[in-house]
Peer 1: 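The structure that follows is given in the form of structure tokens.
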Amino acid sequence: MPLAELQKLITDSKALAINLEGNLLDLSALKDINPESTIGLIQPPSKEALEIYRHSTSHVLAHAVKELFPDARFAIGPATEEGFYYDIDMSHTLTPEDLLEIEKKMSQLIKKNSPFIRKTMGKGDALELFNSKGESYKVEILQEIQDAEVTVYEEDGFVDLCRGPHLPRTGMIKAFKLLSIAGAYWRGDEKNKMLQRIYGTAFFTKDELKAHLDFLEEIKKRDHRRLAKELDLFSINEDIGSGLILWHPAGATIRRTIEDFWRQEHERANYSILYTPHIARLNLWQTSGHLDFYRENMYSPMDIDNVSYELKPMNCPFHISIYKSSLKSYRQLPIRYAELGTVYRYERSGVLHGLMRVRGFTQDDAHIFCSEDQLDNEILNLLDFTLFILSTFGFSSYDIYLSTRPEKYVGSLDNWEKATEALKKAIELKGLPYKIDPGEGVFYGPKIDIKIKDSLNRSWQCSTIQVDFNLPDRFDVTYRGKDGKEHRPIMIHRALMGSLERFFGVLIEHYKGAFPLWLSPIQVIVLTISEKVSDFAKAVYANIRQSGIRVEINEENEKIGFKIREATLKKIPYQVIIGEKESLEGKITLRSRKGDNLGYMNVDELIEMLKKQINDKV
RNA sequence: GCCGAGAUAGCACAGUGGUAGUGCAGCCGAUUCGUAAUCGGCAGGUCGUGGGUUCGAAUCCCAUUCUCGGCUCCA
């Protein structure tokens, strides 16, 4: 294609950059390339275009900061999935007000519409340039670059080390916003200096930016910590300690409902349900190896009659002890032990987050002891079981990861191979998409992790299925085979919801506090229009309560509109309204929390309908 | 843990050296009402905790606990 024609196409298409055989280049590179070569256009709204756009915005950010705070030195400033950031080292500590000033300065620089000018220079020259500017972080980066030549970008006199590509001009930035300031270690390593990070985002249009900011607002409204306060679900108390959860009546009701469901399904799936203690002698953790490889997550031991005891960070050794309490025959396998086991793990104070990351939590843990030839089938069933449980709670899309053998490992290569194959086969048989995390398995065996994405777009690991070649050896776990000899069983650890705390947190955000009927702490509320109908309303209430449905009554001296508002804010799924008409005819009027009028009916009809819905878990 | 911000009534927040405030929730009273807020009154706080500066501290300083944002994205 002739150059001129291409130029026109680029102008028409609003392309920001070009793709030359897989290399992204500035539009200005066009004049130097072979007209015969195949060129792709990078244009909005593609991901690549947005990345370039945001990256350029981060350069403008750096420029603005430099103008306002001349002693600022710059580290890295990349585009991210949600926007961009720049890490900066400077004497002034940034405040939210500074962000407004910086935004203003950025707008001025954008208004100037300066071109981004790409320059190639020898590494030595670049080192000299950034050294003279005192840009020690850029110098450090440069020193690690192997190439003899590097590129820098200049815009209105501000020079930054950068591979590019960039927008042709700053004026093309139409919508951006600085969002927050945070600390971040240089190169993410806590041994390094902490820099100030400015987060921002940018979009091609103001409308898109607004939509994104609205989305962030919606995310805040969905925050499980906020909803938990509004709905009185749980709390964390300073006097009790951080990362320790107090389950309030409403939250506890939901938890109990989840637990009941869990128990029922596990019994149906041939698990034996156990209870084990919360502490154990230090020796146990020595045998299990946790003291060697898990110590930093364990609390200090406590002394009981001169013997050290440790709060349990895991349930596995207890289950193994139960297994070993009697001789096991191959006829008994597979043995499936399950427990809602409460464990305590040390988490650094800065990473604690509501229910999502806590220090004491209850795992829906289980350990399966099986023979080699049972492994495939066990894993397949397990995956089925996991997906069934997750989908019952309304989660239908997951990120599945298969983690394979790391460099440091125990167990035979042969066993690793078999187990990894079994995991892989199970996922593929179910036709599920998955990614392989090479070398990310635990040292004791390969695993499948299933992650649920929450509304804050964080991935939370819930389910995990791990094969373990370590503990059976360490604890000398055996079974008597058909041949009368001792054999080593294969052990599978698994948790479906992960922890009840985190799972509950994800559920709250998933449903925005409006739980499905079967989980709702209050399933129905009876509302009276006037005190004249109290007697009938009480009878209706008692009738529903007798049927085992979680019902409340509000016969206060308030207007019906007020009562409906209150019930709706509590996100109670069904509201039974009783006025004179109902009282006289012995019927009820039903309303949903969404505001739908669900009709006029007998109490028996209502109970039957609710029971069916609760049973179906819809 | 580290950087930064914060902690005031049950909840949401205002108050920046001189008598602790507003709204909602709560309690009492009036109203007896038909699908998201009826009206009036009352009560509620040693301002996270400990120490200091000051005639005087919610406010300034130090310590401490807890909470929040972030600490993977590689010129």
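Within every chain, numbering begins at 1; the chains are lettered A, B, ... in the order of the sequence lines, protein sequences first and strands thereafter.
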Peer 1: Please figure out whether A/S180 or A/E190 has its closest RNA chain B nucleotide nearer the 5' end.
Peer 2: A/E190
Peer 1: Considering only residues two or more places apart or on different chains, which pairs with a residue in residues 49-59 of chain A satisfy salt bridge (Lys or Arg N to Asp or Glu O under 4.0 Å)?
Peer 2: none
Peer 1: Hey, could you give me each pair passing ring pair (Phe, Tyr, Trp, His ring centres under 6.0 Å) that has a residue in residues 230-253 of chain A? Not counting sequence neighbours.
Peer 2: A/W247-A/F504
Peer 1: So, does the side chain of A/Y185 form a donor-acceptor pair with the base of B/G1 at under 3.5 Å?
Peer 2: yes
Peer 1: Using atom P in both nucleotides, what's the gap between B/C39 and B/C24 to the nearest angstrom?
Peer 2: 9 Å
Peer 1: Checking base pairs now: Watson-Crick or wobble, both atom distances under 3.5 Å. What partners B/A20?
Peer 2: none
Peer 1: Regarding A/E582 and A/T589, do their side chains bring together a donor and an acceptor under 3.5 Å, going by distance alone?
Peer 2: yes
Peer 1: Quickly work out the A/R163 CZ to B/C73 C1' distance and round it to whole Å.
Peer 2: 13 Å
Peer 1: Check whether A/Y401 forms a cation-pi arrangement with A/K451 (NZ or CZ under 6.0 Å from the six-membered ring centre, at most 45° off the ring normal).
Peer 2: yes
Peer 1: Would you mind writing out the side-chain donor-acceptor pairs for residues 176-185 of chain A within the sub-3.5 Å range, not counting sequence neighbours?
Peer 2:
none

Peer 1: Rounded to the nearest angstrom, tell me the gap between atom CD in A/E558 and atom P in B/A37.
Peer 2: 12 Å
Peer 1: When the distance from NE2 of A/H353 to C1' of B/C66 is rounded to whole Å, what number comes out?
Peer 2: 16 Å
Peer 1: Looking at A/E190 and A/R348, is there a salt bridge between them, counting it only when a charged N and a carboxylate O are closer than 4.0 Å?
Peer 2: yes
Peer 1: Side chains of A/E155 and A/H63 only: does a donor on one sit below 3.5 Å from an acceptor on the other?
Peer 2: yes
Peer 1: Considering Watson-Crick and G-U wobble pairs with both distances under 3.5 Å, what does B/U38 pair with?
Peer 2: B/A30
Peer 1: Looking at every heavy atom in both A/H55 and A/A79, which two are closest together, and how far apart are they?
Peer 2: N-CB, 4.0 Å
Peer 1: Which part of the nucleic acid, if any, lies within reach of A/V150 when heavy atoms closer than 4.0 Å are counted: base, sugar-phosphate only, or nothing?
Peer 2: base
Peer 1: So what does A/T589 hit on the nucleic acid, given a heavy-atom distance under 4.0 Å: a base, only sugar-phosphate, or nothing?
Peer 2: base
Peer 1: Write down the partner of B/G45 under the Watson-Crick or G-U wobble criteria, each distance required to be under 3.5 Å.
Peer 2: none
Peer 1: Just call it for A/G83: base, sugar-phosphate, or nothing, with non-hydrogen atoms closer than 4.0 Å on any strand.
Peer 2: nothing
Peer 1: Quick one: label A/S242 by what it contacts on the DNA or RNA (base, sugar-phosphate, nothing), any heavy atom closer than 4.0 Å.
Peer 2: sugar-phosphate
Peer 1: Could you list the donor-acceptor pairs under 3.5 angstrom formed between side-chain atoms of residues 561-569 of chain A and any protein atom two or more places apart in sequence or on another chain?
Peer 2:
from: A/K563; atom 1: NZ; to: A/T528; atom 2: O; distance (Å): 2.8
from: A/K563; atom 1: NZ; to: A/T528; atom 2: OG1; distance (Å): 2.8
from: A/K563; atom 1: NZ; to: A/N554; atom 2: O; distance (Å): 3.2
from: A/K563; atom 1: NZ; to: A/E556; atom 2: O; distance (Å): 2.8
from: A/T568; atom 1: OG1; to: A/I564; atom 2: O; distance (Å): 2.6
from: A/T568; atom 1: OG1; to: A/Q575; atom 2: NE2; distance (Å): 3.1

Peer 1: Between A/S530 and B/C33, is there a side-chain N or O to OP1/OP2 distance below 4.0 Å?
Peer 2: no
Peer 1: Just how far, in rounded Å, is P of B/U38 from CD of A/E556?
Peer 2: 12 Å
Peer 1: Using the test side chain to side chain donor-acceptor pair (under 3.5 Å), find all partners of A/S534 that sit at least two apart in sequence or belong to another chain.
Peer 2: A/E555
Peer 1: Give me the distances for all protein-to-nucleotides 7-12 of chain B N/O pairs that come in under 3.5 Å?
Peer 2:
from: B/A12; atom 1: OP1; to: A/K229; atom 2: NZ; distance (Å): 3.1

Peer 1: Just the rounded figure in Å: distance from C1' of B/C68 to NZ of A/K220.
Peer 2: 11 Å
Peer 1: Between P on B/G29 and CD on A/E531, what's the gap in Å once rounded to a whole number?
Peer 2: 11 Å
Peer 1: Please work out which residues in residues 559-582 of chain A have a non-hydrogen atom less than 4.0 Å from an atom of RNA chain B and list them by number.
Peer 2: A/K559, A/I560, A/G561, A/F562, A/I564, A/R565, A/T568, A/L569, A/I577, A/G579, A/E580, A/K581, A/E582
Peer 1: Between B/C62 and B/U54, how many Å separate the two C1' atoms, rounded to a whole number?
Peer 2: 16 Å
Peer 1: Heavy atoms only, 4.0 Å cut-off, all strands: where does A/R591 land among base, sugar-phosphate and nothing?
Peer 2: base
Peer 1: What parts of residues 115-149 of chain A reach RNA chain B, counting only heavy atoms under 4.0 Å away?
Peer 2: A/K138, A/I141, A/I145
Peer 1: Whole Å only: how far is the CD1 atom of A/I588 from the C1' atom of B/U35?
Peer 2: 14 Å
Peer 1: So with a 6.0 Å cut-off around CD of A/E128, is the heavy-atom count from everything else above 12?
Peer 2: no
Peer 1: Sort out the partner of B/C71 for me: Watson-Crick or G-U wobble, both distances under 3.5 Å, none otherwise.
Peer 2: B/G1
Peer 1: Listed by chain and number, what are the salt bridge (Lys or Arg N to Asp or Glu O under 4.0 Å) partners of A/R550, not counting sequence neighbours?
Peer 2: none
Peer 1: By side-chain contact (heavy atoms from CB on, under 4.5 Å), which residues pair with A/K408, not counting sequence neighbours?
Peer 2: none
Peer 1: According to the Watson-Crick and G-U wobble definitions, with both distances under 3.5 Å, which nucleotide is paired to B/A25?
Peer 2: none
Peer 1: Taking atom C1' in both B/G6 and B/A58, what distance in whole Å separates the two?
Peer 2: 14 Å
Peer 1: With the threshold set at under 4.0 Å for non-hydrogen atoms, list the residues of residues 63-74 of chain A touching RNA chain B in residue-number order.
Peer 2: none
Peer 1: Just how far, in rounded Å, is C1' of B/C73 from CG of A/D189?
Peer 2: 16 Å
Peer 1: Is the shortest side-chain N/O distance from A/Y199 to OP1 or OP2 of B/C71 below 4.0 Å?
Peer 2: yes
Peer 1: Go ahead and name the base partner of B/A14; Watson-Crick or wobble counts if both distances stay under 3.5 Å, otherwise write none.
Peer 2: none
Peer 1: Of all residues at least two apart in sequence or in a different chain, which pass the salt bridge (Lys or Arg N to Asp or Glu O under 4.0 Å) check with A/K512?
Peer 2: A/E218
Peer 1: Counting just side-chain N and O atoms, does A/R225 come under 4.0 Å of either OP1 or OP2 of B/G69?
Peer 2: yes
Peer 1: For B/A36 versus B/A14, give the span between their C1' atoms, rounded off to a whole number of Å.
Peer 2: 28 Å
Peer 1: Could you check, using the six-membered ring where one of them is a Trp, whether A/Y299 and A/Y344 have ring centers closer than 6.0 angstrom?
Peer 2: no
Peer 1: Check the surroundings of atom CD in A/E144: do more than 12 heavy atoms from other residues, nucleotides or ligands lie under 6.0 Å from it?
Peer 2: yes
Peer 1: Now, which nucleotide makes the Watson-Crick or G-U wobble pair with B/G56, with each of the two distances under 3.5 Å?
Peer 2: none
Peer 1: Look through every strand shown and name the nucleotide pairing with B/C66 as Watson-Crick or G-U wobble, where both distances are under 3.5 Å.
Peer 2: B/G6
Peer 1: Using the C1' atom in both, what is the distance from B/C28 to B/G48, to the nearest Å?
Peer 2: 33 Å
